[in-house]
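Residue numbers start from 1 in every chain, and the chains themselves are labelled A, B, ... in the order their sequence lines are given, proteins ahead of strands.
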There are 2 protein chains.
Amino acid sequence: MAQAQILSRNQQIVLDIIEKAKGPLKAYSILFNVQKKGINAPQQIYRALDKLIEMGKIHKIESKNAFVACRSSDCEISKATAFSICESCEMVDEISDAKLSKYISSFNHKKGMKFKRFNLEFFGLCKKCK
Amino acid sequence: MAQAQILSRNQQIVLDIIEKAKGPLKAYSILFNVQKKGINAPQQIYRALDKLIEMGKIHKIESKNAFVACRSSDCEISKATAFSICESCEMVDEISDAKLSKYISSFNHKKGMKFKRFNLEFFGLCKKCK
DNA sequence: TAACAGAGTGTTATAATATAACATTTAATA
DNA sequence: TATTAAATGTTATATTATAACACTCTGTTA
């Protein structure tokens, strides 16, 4: 289990924005939102994002180049992540399903690869958009 | 089942390069490789890539912004894709495992989302790099 | 056959996403 | 207090991707 982490000023600012957001946020939209706090350059955002990902506080949605807060306790530093993504409203929901996660984690590739981590993205229509 | 498709000139050129490659290719590296054939602009590459993806001839590896040829017959127009990605040598291998695919496809999200498609990316070390 | 529709092409420009490099500051610790 | 590690600020640039528009080619269909 990862221990509680102290966040730096910039990391905290970025995390706050992502946690408050209803959906995934893009790096440059975060940047735009924090310019009033004295953060002016993409580097500052990307550095904070990198650390937050390392700590498991946020996840990157690869298919959207966007970032969401981690809402799950059992993805333990993002070794096993799964998301449902609505193709209509862009909503992203973290899937926290122990059985699914366990099944995938225990999947053994024929070619003898040893997995450290996986990321699964589902696409479809959410309940509202359906 | 998707029927055999006739490819346009640019689509064929791009597909040939991707099929011949040992690993995933980036759009701009494809561009560089086809300039001798008279393709000069990113648009031409991206348009071909889009169509090839639609046809299920290639897949995009989202975490790498790179493209690989489809080696599987059962991902039927990319409704269910899975890849193993070596974090050391960058190799990507398409996973074609009916059981895994079936299990994931039949996963039902509590929130009532209806899935059309999924993409799964495993990360680790391949046999060689291990 | 003329005209039209659809897919594809070529081209220029620009938007959006991400990193390199370097100087400085702050925090934690020997 | 000297030393280190982590974080910051800044400028510049690399990488990935799309917009917009004019043109071509091919197969309908009126």
Side-chain angles (χ1 to χ4, degrees), chain A residues 2-18 21 23-68 85 87 90 92 119 121, chain B residues 2-18 21 23-68 85 87 90 92 119 121:
Chain A
Q3 72 167 105
Q5 300 255 8
I6 292 156
L7 300 183
S8 76
R9 181 187 133 84
N10 287 2
Q11 288 159 13
Q12 191 63 62
I13 290 172
V14 169
L15 180 58
D16 286 348
I17 298 250
I18 295 176
L25 290 184
K26 303 254 185 179
Y28 276 74
S29 123
I30 296 169
L31 176 57
F32 178 80
N33 274 282
V34 299
Q35 289 188 320
K36 46 184 173 279
K37 304 219 173 183
I39 297 182
N40 302 302
Q43 265 291 12
Q44 296 172 284
I45 302 299
Y46 283 104
R47 282 197 288 231
L49 291 172
D50 286 347
K51 291 296 176 184
L52 292 168
I53 288 170
E54 264 183 29
M55 295 174 196
K57 301 281 188 190
I58 64 171
H59 302 297
K60 180 172 187 182
I61 307 300
E62 295 289 356
S63 60
K64 299 174 78 71
N65 299 315
F67 304 85
V68 295
I85 300 167
E87 287 176 314
E90 309 268 281
V92 168
N119 180 54
E121 299 182 4
Chain B
Q3 72 167 108
Q5 300 256 8
I6 292 158
L7 300 182
S8 77
R9 182 188 133 85
N10 288 2
Q11 289 159 13
Q12 191 65 61
I13 290 171
V14 169
L15 180 59
D16 284 348
I17 298 251
I18 296 176
L25 289 184
K26 304 253 186 178
Y28 276 75
S29 122
I30 295 169
L31 176 56
F32 178 80
N33 275 281
V34 299
Q35 290 189 319
K36 46 183 171 282
K37 303 221 173 184
I39 297 183
N40 304 300
Q43 266 291 11
Q44 297 173 283
I45 303 298
Y46 282 104
R47 283 199 287 228
L49 290 171
D50 287 347
K51 290 297 176 182
L52 292 168
I53 289 170
E54 263 183 29
M55 295 175 197
K57 300 280 188 190
I58 64 171
H59 303 299
K60 179 172 187 182
I61 307 301
E62 295 289 356
S63 60
K64 300 176 78 72
N65 299 315
F67 304 84
V68 295
I85 299 168
E87 286 174 313
E90 311 266 281
V92 169
N119 179 54
E121 298 183 4

Solution key, residues 25-40 of chain B side-chain donor-acceptor pairs under 3.5 Å, sequence neighbours excluded:
unit_1	atom_1	unit_2	atom_2	d
B:Lys26	NZ	B:Lys64	O	3.0
B:Asn33	ND2	B:Ser29	O	2.7
B:Lys36	NZ	B:Asn33	O	3.1
B:Asn40	ND2	B:Gly38	O	3.3

Does a side-chain N or O of [X] approach OP1 or OP2 of [N] to a distance below 4.0 Å, or not?
X	N	answer
A:Gln44	D:dA7	no
A:Asn40	D:dT11	no
A:Ser8	D:dT8	yes

From [atom1] ([X]) to [atom2] ([Y]), nearest 0.5 Å:
X	Y	atom1	atom2	value
A:Ile53	A:Phe67	CD1	CZ	5.0 Å
A:Glu121	A:Ser63	CD	OG	4.0 Å
B:Leu7	B:Lys57	CG	NZ	5.5 Å
B:Gln12	B:Ile17	CD	CD1	11.5 Å
B:Ile13	B:Gln44	CD1	CD	9.5 Å

To the nearest Å, give me how far apart [atom1] ([X]) and [atom2] ([N]) are.
X	N	atom1	atom2	answer
B:Leu52	C:dG8	CG	C1'	13 Å
A:Leu49	D:dT8	CG	C1'	15 Å
A:Gln12	D:dA7	CD	C1'	15 Å
A:Arg9	C:dT25	CZ	P	16 Å
B:Ile39	C:dG10	CD1	C1'	10 Å
A:Ile30	C:dT17	CD1	P	11 Å
B:Leu31	C:dG10	CG	C1'	13 Å
A:Lys51	C:dA18	NZ	C1'	17 Å

Requested in this report: List the steps, then state whether side-chain contact (heavy atoms from CB on, under 4.5 Å) holds for A:Asn10 with A:Arg47.
Outcome: CA-CA 9 Å; A:Asn10 287 2; A:Arg47 282 197 288 231; over 6 Å; no

What protein N or O atoms touch nucleotides 15-17 of chain D N or O atoms at under 3.5 angstrom, if any, and at what distances?
unit_1	atom_1	unit_2	atom_2	d
D:dT16	OP1	B:Lys26	NZ	2.6
D:dA17	OP1	B:Lys60	NZ	2.7
D:dA17	OP1	B:Asn65	OD1	3.4
D:dA17	OP2	B:Tyr46	OH	3.0
D:dA17	N7	B:Tyr28	OH	2.8
D:dA17	N6	B:Tyr28	OH	3.0

Using nucleotides 19-22 of chain D, report all nitrogen or oxygen pairs with the protein that are shorter than 3.5 Å.
unit_1	atom_1	unit_2	atom_2	d
D:dA19	N7	B:Gln43	NE2	2.5
D:dA19	N6	B:Gln43	NE2	3.1

Query - Candidate pair B:Asn65 and B:Lys60, rule side-chain contact (heavy atoms from CB on, under 4.5 Å), full reasoning - result: CA-CA 7 Å; B:Asn65 299 315; B:Lys60 179 172 187 182; 3.9 Å; yes

Query raised in the report: Does the A:Gln11 side chain pair with the main chain of A:Ser8, one donor and one acceptor, at a distance under 3.5 Å?
Result: yes

